[in-house]
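Computed from a prediction, not measured in an experiment: that's the story for all the values here. Chain A is the first sequence line, chain B the second, and so forth, proteins listed ahead of strands; every chain is numbered from 1.
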Amino acid sequence: MDALWWNLDYVAAVILFCIGLYTVVARNNLIKKLLGLNIMETAVFAFIVTTGSVDGGAAPLVGADALPPFASPVPHAMVLTGIVVAVSVTALALSLIVAVYRDHRTLEADELREID
Amino acid sequence: MRHWLPAVVMFPLVAAALTPFLALSRAHVARAWALLVVALTSVGAVFLTSRLVIEGPFSYAMGDWSRPYGIELRFDGFSAAILFVCLIHLLVGVYSSHYAARVISATRLPWYYTLLLLNFGGMIGFAVTGDLFNLFIFMELVSVSSYALVAIGGGRVAPLAAFRYLLAGASSSVLILFCIGVIYALTGSLNMADVSLRLGETQAPAPIALALGGLAAGFMVKAALFPLHAWLPDAHASAPSPISAVLSGVVVKLGILGLLRVYQVFHDAGGAQVAALNEVLVWLGAASILAGAFFALFQDEIKLILAYSTISNIGYIVLGLGLASQQSITGATIHVLNHALIKATLFLAAGALIHQTGCRTLHELRGAGHAMPFTSFALAVGLLAVIGVPPLAGFPGKWYVALGALSAGRPAFAMLVVLSAVLVSAYSARILNALYFQPPSHERILATHEAPTSMLLPVLILAALCLVAGVLARFPAALVGPAVARLIAPAAG
């Protein structure tokens, strides 16, 4: 139990991830499914950013007053790249949703299943 | 000369980014440009593979930043699969020149070639990168361009199929990114070779099991293994036919290549967890073989049959990986390559049939074998190869997997590989029966002509390759042999 308490941030990220996954699987509306996907992405980004934190760490900038310990900059670079990927996936998904709605006039997954 | 490796990765991606500027209003320029880029990249791929044969695996540090700080590109036996990626994309490019102009609206045509080049470049990058986060980026390049390509033809089913594909694909990508984050938190490194060493020294079985299981599950979705396959049939069947060939032949194999990389990374760490994963892969692979072939029996649309057949063939490959002997993994990698040839043949030939006749179901396509003799012959060769008739392309992979099952002491799975050929023959026979031995049910079939040369030529070249690839299987086997041997060697220390 102690280990869980000390890694509360990781636990929160995993719970958030599961909420997102549940939304993707269980929700009927395509836009809500997409929101679930975004929640999963946010959970992963939050998790990766927290792995870079160092107790009392400063921003790793070069300069005369730069003193260790430094926070790890790599997770931030990863998350920035990941956000770019997530935005493009979301944009594509929204445009597909528009195309689906134009063709079928509904966004409910069960009604769409009856059509094809 | 040592800059060839990054050049082969960067060139198609830069070329893809330039395509809209060069050819937004001139579709024929986009087509010629795409073919030129793929052809030049193929020359580079041949050069890289010959270097692999001469001097073994080699690396390139991007920007001269060495391990573990920089991004490393690494060309090993598995990376040589880019030769097949180049071949399929080249033939698909030729095939598209007539087909895409008819099926895809003129305003979307330049974007079609842009996305195809992005997909191509991403796949090459995925195969040669030695960095975990870079692996994720290239995977997303391939995936996002695939989602868009499924929908690009339009139609009633395609956007919805693309959206379902996107949900499954993006969820698995997020899971994979999460596990890469776990690995980074455990080891403080993203370089695969470096991570592999550091994981071996880490004493944290639970996070290692979490990362291994998550990565494997993510790549299983990408590979459409049986219980996680639901997104595949609609996406592959409703995409334009050349895209179906790329998706089934190449993009699905991204999951398999990913699994191989996961094995390489976790080689030194967690022998027990890897053994458990192998067991899961064996059973899911076996289930996938049977389920894919079984569902294929009940489809009437020819491309849906082929899509389910892909699930079945992925089963053979994953079964081979899970059995984890030298022969079975060699068989799996041979089947990755040969199945790319077979499925490209089948989808391009089926696409030609559908394009010329305007019919998609077996019932409507009856008798088309006599109207389009060459295309149907290529389709027949592909179907015989997918059954695994001895000298053809499907045989050596399954043979090695069956031998591997015997040498791993699990004869039941060898029996399964042999007996499942009956199911595969059943759905193949349905297609052949409809094409050759049934009277036409549709008057349009009688007036149908053979496909134009630009579509027929790639199909016939692929069919010829299906005929000879079975005999030539020892060359890829020799190429991946050392990489497979390293994979199953007991952990150092």
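Using a 4.5 Å cut-off on side-chain heavy atoms (C-beta onward), A/L21 and B/V174 make no contact. A heavy-atom distance below 4.5 Å is found between the side chains of B/E140 and A/V89. A 4.5 Å side-chain heavy-atom check between B/L166 and A/L37 finds at least one atom pair inside the cut-off. Residues A/T81 and B/F133 are in side-chain contact: their nearest non-hydrogen atoms beyond the backbone lie under 4.5 Å apart.
Residue B/L141: no heavy atom, backbone or side chain, is found under 4.5 Å from chain A. Neither the backbone nor the side chain of A/V84 comes within less than 4.5 Å of any heavy atom in chain B. The parts of B/F178 that come within reach of chain A are both its backbone and its side chain, each placing non-hydrogen atoms under 4.5 angstrom from that chain. Residue contact with chain B, scored on non-hydrogen atoms closer than 4.5 Å, involves the side chain of A/V85 exclusively. Residue B/Y184 touches chain A through its side chain alone, counting heavy-atom pairs closer than 4.5 Å. With a 4.5 Å cut-off on non-hydrogen atoms, A/S72 touches chain B through its side chain but not through its backbone.
Here the closest heavy-atom approach between residue B/G181 and residue A/I48 is recorded as CA-CG1, 4.0 Å. Between A/H104 and B/R156, the shortest heavy-atom distance links the atoms NE2-O, 3.1 Å. Contact between A/M78 and B/L190 at its shortest, heavy atoms only, is SD-CD1, 3.7 Å.
For OH of A/Y22, the number of neighbouring non-hydrogen atoms (other residues, nucleotides, ligands) closer than 6.0 Å is 12 at most. Counting non-hydrogen atoms of other residues, nucleotides and ligands closer than 6.0 Å to CZ of A/R27 gives a total of 12 or fewer.
Atoms CZ and CG, on A/F17 and B/L175 in that order, are 4.5 Å from each other to the nearest 0.5 Å. To the nearest 0.5 Å, the span separating OH on B/Y147 from OG on A/S95 amounts to 13.0 Å.
Interface remark: of the candidates B/A158, B/G188, B/A170, B/A185, B/A170 forms the most heavy-atom pairs closer than 4.5 Å to chain A. Comparing A/V79, A/V98, A/V74, A/V24 by how many heavy-atom pairs each has under 4.5 Å with chain B, the most go to A/V74. Contact count versus chain B (heavy atoms, under 4.5 Å) is highest, among A/A93, A/A99, A/A43, A/G82, for A/A93. Considering only heavy-atom pairs separated by less than 4.5 Å from chain A, the leading option among B/S171, B/G169, B/A151, B/S173 is B/S171.
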